[in-house]
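Reckoned from all heavy atoms, side chains included, excluding hydrogens, waters and symmetry mates. Predicted model, so just to flag it, every value in this text is computed and none were measured.
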Amino acid sequence: MDRKLYSPLVGAVAALALVVMPVRAQIVANGLPDGGSGNEMTNWIQAEDFTLAGTATLTAARFWGVGINNGYLGSIYWRIFADAAGSPGSVLAGGEVTPTATAYPGAICCGFASGLQFDFALPNVLLGAGVYWFGVHNGPLSSTNRNEFYWATTSDNATMNGHEDVAPFGDGSWFDNGEEHAFQLYAGDSETVPEPATMTLLATGLAGMAAARRKKRNS
């Protein structure tokens, strides 16, 4: 049975405090879900390559899944692999997480599936320049029955096709799955910017102080 899923459609003013919010820098963007297809990620570990131009510390990940009959098992097992001649190689980092899962209609396809956007923190994975692979699996690695939950595809791009490892895992048998999948990776807290609402409060407070000074001079 084909592992793929196809679609017919292709605070406060008084204190004048400047609150800053951390901003993660997006360093890998493999595209958004195209609603077209997916690869099953319970019976398989699915992986996508990415390239870093320089040293980076990965602190967060985002990807999109699409499932049939609530196939998501409630957790995601992720891995970062070294590259081995165009295929996932040794495991550099990994673990099981309970990501923030947000409904994402843009991932839905085929008229009977539900889309989810997954966001989760990574434990400061320090990598040098080079090619790597980001892998995901639905639930703990002990879950290997096909559960009809898929990593949503994105449009073809210049990177290699995704690769997959069918259960039992860990034998190094990776195969080209013929698809590109939607994900993003981030480096953390590289800069801070004022929260928009805080900037408005700050501007209002400064304007009020200036008006009070003018009134005092005029009196």
(message) Quick one, His137 and Trp44 - any side-chain contact, counting heavy atoms below 4.5 Å?
(response) no

(message) Let me check something: do Leu73 and Phe120 share a hydrophobic cluster, defined by ILVMFWY side-chain heavy atoms less than 4.5 Å apart, either directly or through other members?
(response) no

(message) Ignoring hydrogens and geometry beyond distance, is a side-chain donor-acceptor pair present between Asn161 and Glu179 at under 3.5 Å?
(response) no

(request) Examine distances only and state if a side-chain atom of Glu96 and a backbone atom of Tyr77 form a donor-acceptor pair shorter than 3.5 Å. (result) no

(request) Return yes if some donor-acceptor pair links the side-chain N/O of Asn147 with the main-chain N/O of Phe149 below 3.5 Å, else return no. (result) no

(request) Of all the heavy-atom pairs spanning Pro123 and Trp78, show the shortest one and how long it is. (result) CD-CZ2, 3.4 Å

(message) Testing the basics here: between His163 and Gly86, what is the closest heavy-atom pair and its distance to 0.1 Å?
(response) NE2-O, 3.3 Å

(request) Look up atom CH2 in Trp151 and atom OG in Ser37, then write down how far apart they are to the nearest 0.5 Å. (result) 13.0 Å

(request) Evaluate the ring-ring contact (aromatic ring centres under 6.0 Å, His included) criterion for residues Phe81 and Trp174: first the C-alpha distance (whole Å), next the side-chain angles of each, then the deciding distance (0.1 Å), finally the verdict. (result) CA-CA 12 Å; Phe81 301 90; Trp174 289 91; 5.2 Å; yes

(request) Indicate the atoms forming the closest heavy-atom contact of Ile76 with Asn138, along with that distance. (result) CD1-CA, 4.2 Å

(message) Going by salt bridge (charged side-chain N to carboxylate O under 4.0 Å, His left out), name the residues that satisfy it together with Arg79, two or more places apart in sequence or in a different chain.
(response) none

(message) According to side-chain contact (heavy atoms from CB on, under 4.5 Å), who are the partners of Ser90, at least two apart in sequence or on a separate chain?
(response) Ala82, Leu92

(request) Side-chain contact test, heavy atoms from C-beta onward, threshold under 4.5 Å: evaluate it for Glu164 versus Ile45 and give yes or no. (result) no

(request) Mind checking the OG1-CG spacing from Thr159 to Asp49? Nearest 0.5 Å is all I need. (result) 4.5 Å

(request) State plainly whether one hydrophobic cluster holds both Ile80 and Val97, where clusters connect Ile, Leu, Val, Met, Phe, Trp and Tyr through side-chain heavy atoms under 4.5 angstrom apart. (result) yes

(request) Please list, chain by chain and in numerical order, all residues satisfying salt bridge (charged side-chain N to carboxylate O under 4.0 Å, His left out) with Asp156, sequence neighbours excluded. (result) none

(message) Closer than 3.5 angstrom, by distance alone: can the side chain of Glu48 be matched with the main-chain N or O of His181 as a donor-acceptor pair?
(response) yes

(message) One pair to check against ring-ring contact (aromatic ring centres under 6.0 Å, His included): Phe134 and Phe50. What are the steps and the verdict?
(response) CA-CA 7 Å; Phe134 172 61; Phe50 65 93; 7.3 Å; no

(message) Taking side-chain contact (heavy atoms from CB on, under 4.5 Å) as the definition, give me every residue that meets it alongside Asp171, ordered by chain and number, with sequence neighbours left out.
(response) Asp165, Ser173

(message) Testing the basics here: between Tyr104 and Pro33, what is the closest heavy-atom pair and its distance to 0.1 Å?
(response) CE2-CG, 3.7 Å

(message) According to side-chain contact (heavy atoms from CB on, under 4.5 Å), who are the partners of Asp83, at least two apart in sequence or on a separate chain?
(response) Val131, Trp133, Met160

(message) Side chains of Ile27 and Leu58, heavy atoms from C-beta outward: is any pair under 4.5 Å?
(response) yes

(request) Measure the CH2-CG distance between Trp64 and Asp119 for me, rounded to the nearest 0.5 Å. (result) 7.5 Å

(message) To the nearest 0.5 Å, what is the distance between CZ on Arg146 and OG1 on Thr42?
(response) 9.0 Å

(request) Supply the atom-to-atom distance Asn39 CG to Gln46 CD, rounded to the nearest 0.5 angstrom. (result) 4.5 Å

(message) Test of understanding: clusters of I, L, V, M, F, W, Y form through side-chain heavy atoms closer than 4.5 Å, transitively. Do Val125 and Val136 belong to the same one?
(response) yes

(message) Holding to side-chain contact (heavy atoms from CB on, under 4.5 Å), I want the full list of residues that pass it with Ala121, two or more places apart in sequence or in another chain.
(response) none

(message) Would the distance check show the side chain of Thr51 and the main-chain N or O of Gly130 forming a donor-acceptor pair, the cut-off being under 3.5 Å?
(response) no

(request) Would you name the heavy atoms of Ala29 and Gln26 that are closest together and state the gap between them? (result) CB-OE1, 3.0 Å

(request) With rounding to the nearest 0.5 Å, note down the distance linking CE in Met41 to OH in Tyr72. (result) 8.5 Å

(message) Give me the atom names and distance for the closest heavy-atom approach of Ser155 to Asp34.
(response) N-OD2, 3.6 Å

(request) Taking the side chain as every heavy atom from C-beta outward, state whether Val166 and Asn43 have any atom pair closer than 4.5 Å. (result) yes

